[in-house]
Amino acid sequence: DAGVTQSPTHLIKTRGQHVTLRCSPISGHKSVSWYQQVLGQGPQFIFQYYEKEERGRGNFPDRFSARQFPNYSSELNVNALLLGDSALYLCASSPGTVSSNQPQHFGDGTRLSIL
Amino acid sequence: KNQVEQSPQSLIILEGKNCTLQCNYTVSPFSNLRWYKQDTGRGPVSLTIMTFSENTKSNGRYTATLDADTKQSSLHITASQLSDSASYICVVKYSGAGSYQLTFGKGTKLSVIP
């Protein structure tokens with residue numbers, strides 16, 4: 001079975017641009033979460049979606065937004081990119097919400113570099 | 001402020017030896033604690049999930065312990081292998097007022113050498 005897939009794997013943007021990152025969860029998983037991991041740090045929670053509704057939000061500015069589609073895939077959008085947005089963006093899926101005790105399955109991330 | 005502190009920051013051990021990684025948290029109200037293994041350039045992989053009532057949980061050569069009273073957890077790796085070289089991340093979930101948050105530690109970078 002395919003794991004969590006993210007695209008693109010690498011991306012280079014300049015300040016002020018907009019970016020869209022994509023995630024396909026494991027088949028049958030209804031929950032998708034997004035994380036930002038700056039080099040040398042642990043991941044930071046951005047959003048969780050379950051059944052196409054936002055179920056959790058971390059401490060990120062409104063420039064960050066996301067949505068989940070009827071097939072449970074998800075997009076993370078970041079507007080007005082800043083140099084500090086350079087990071088590995090991870091997507092994780094699970095059968096239920098994070099409020100359950102089910103493990104999350106992570107993709108290998110999108111490496112975003114801002115010039 | 002909800003925080004997760006891990007120690008040591010990095011660790012080098014010989015193949016076949018045991019090691020213990022530490023995680024202290026100030027997250028409240030606590031819901032569960034997770035340990036993940038993250039290989040370089042890859043996404044994290046879940047090792048264990050422990051709730052408030054669980055003291056110990058094992059996954060092969062990995063054993064996690066939790067003391068909810070002192071807000072401490074440890075991950076013990078037995079008979080280390082070269083493939084154990086990775087970052088190990090402690091994650092604490094808390095929930096309250098109808099929402100939840102996951103707080104990640106910065107990880108312990110483990111290097112296993114021949």
Side-chain angles (χ1 to χ4, degrees), chain A residues 2-7 9-10 21 23-26 29 31-50 53-60 76 87-113, chain B residues 1-7 9-10 21 23-25 27 29-54 57 59 62 64 66 75 86-109:
Chain A
V4 176
T5 58
Q6 294 186 242
S7 63
T9 55
H10 295 83
L21 311 180
C23 172
S24 293
I26 291 173
H29 285 192
S31 174
V32 169
S33 298
W34 287 95
Y35 300 88
Q36 180 195 67
Q37 187 174 24
V38 174
L39 195 63
Q41 304 289 316
Q44 282 197 298
F45 172 65
I46 309 176
F47 288 111
Q48 193 212 21
Y49 278 77
Y50 177 72
E53 290 186 1
E54 184 182 302
R55 293 299 189 94
R57 174 184 286 253
N59 297 322
F60 279 81
L76 175 69
L88 179 68
Y89 288 84
L90 294 163
C91 173
S93 77
S94 59
T97 65
V98 178
S99 60
S100 69
N101 292 325
Q102 298 161 323
Q104 289 188 298
H105 299 263
F106 283 81
D108 287 334
T110 293
R111 173 72 62 187
L112 175 64
S113 299
Chain B
K1 181 180 179 181
N2 291 310
Q3 288 186 313
V4 176
E5 300 288 341
Q6 291 188 244
S7 61
Q9 186 175 0
S10 62
L21 314 180
C23 173
N24 296 336
Y25 61 93
V27 172
F30 171 88
S31 181
N32 64 46
L33 185 145
R34 306 165 183 226
W35 282 95
Y36 286 89
K37 177 187 179 187
Q38 186 174 22
D39 292 315
T40 301
R42 306 297 301 274
V45 174
S46 178
L47 296 175
T48 63
I49 298 175
M50 302 179 70
T51 60
F52 183 89
S53 59
E54 296 175 296
K57 182 166 279 189
N59 178 1
Y62 301 100
L66 173 64
L75 180 69
S87 286
Y88 291 83
I89 303 173
C90 175
V91 186
V92 181
K93 172 177 170 284
Y94 69 93
S95 57
S99 66
Y100 71 90
Q101 280 276 7
L102 293 176
T103 303
F104 287 72
K106 294 182 180 180
T108 292
K109 186 177 175 66

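No experiment lies behind these values; they were computed from the predicted model shown. Letters A, B, ... are given to chains in the order of the sequence lines, protein chains preceding strands, and every chain is numbered from 1.
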Query raised in the report: Side chain, backbone, both or neither: which part of B:Q9 has a heavy atom under 4.5 Å from chain A?
Result: neither
Query raised in the report: What distance separates B:S87 OG from A:Q37 CD, expressed to the nearest 0.5 Å?
Result: 8.0 Å
Query - Nearest-0.5 Å distance that lies between atom CD1 in A:I46 and atom CG in B:L102 - result: 12.5 Å
Query raised in the report: So, for B:G43 and A:L90, which heavy atoms are closest and what is the spacing to 0.1 Å?
Result: CA-CD2, 4.0 Å
Query raised in the report: So, for B:S46 and A:Q104, which heavy atoms are closest and what is the spacing to 0.1 Å?
Result: CB-O, 4.2 Å
**Report entry** Atom NZ of B:K57: over 12 foreign heavy atoms under 6.0 Å
**Finding:** yes
Query raised in the report: So what's closer than 4.5 Å to chain B heavy atoms on A:Q6: side chain, backbone, both or neither?
Result: neither
Report task. Tell me, out of A:G109, A:P43, A:G42, who's got the most heavy-atom pairs with chain B below 4.5 Å. Result -> A:P43
Report task. With ring-ring contact (aromatic ring centres under 6.0 Å, His included) as the test, would you mind laying out the steps for A:Y35 and B:F104 before giving the verdict? Result -> CA-CA 10 Å; A:Y35 300 88; B:F104 287 72; 5.1 Å; yes
Query raised in the report: With ring centroids as reference points, do B:Y36 and A:F106 lie under 6.0 angstrom apart?
Result: yes
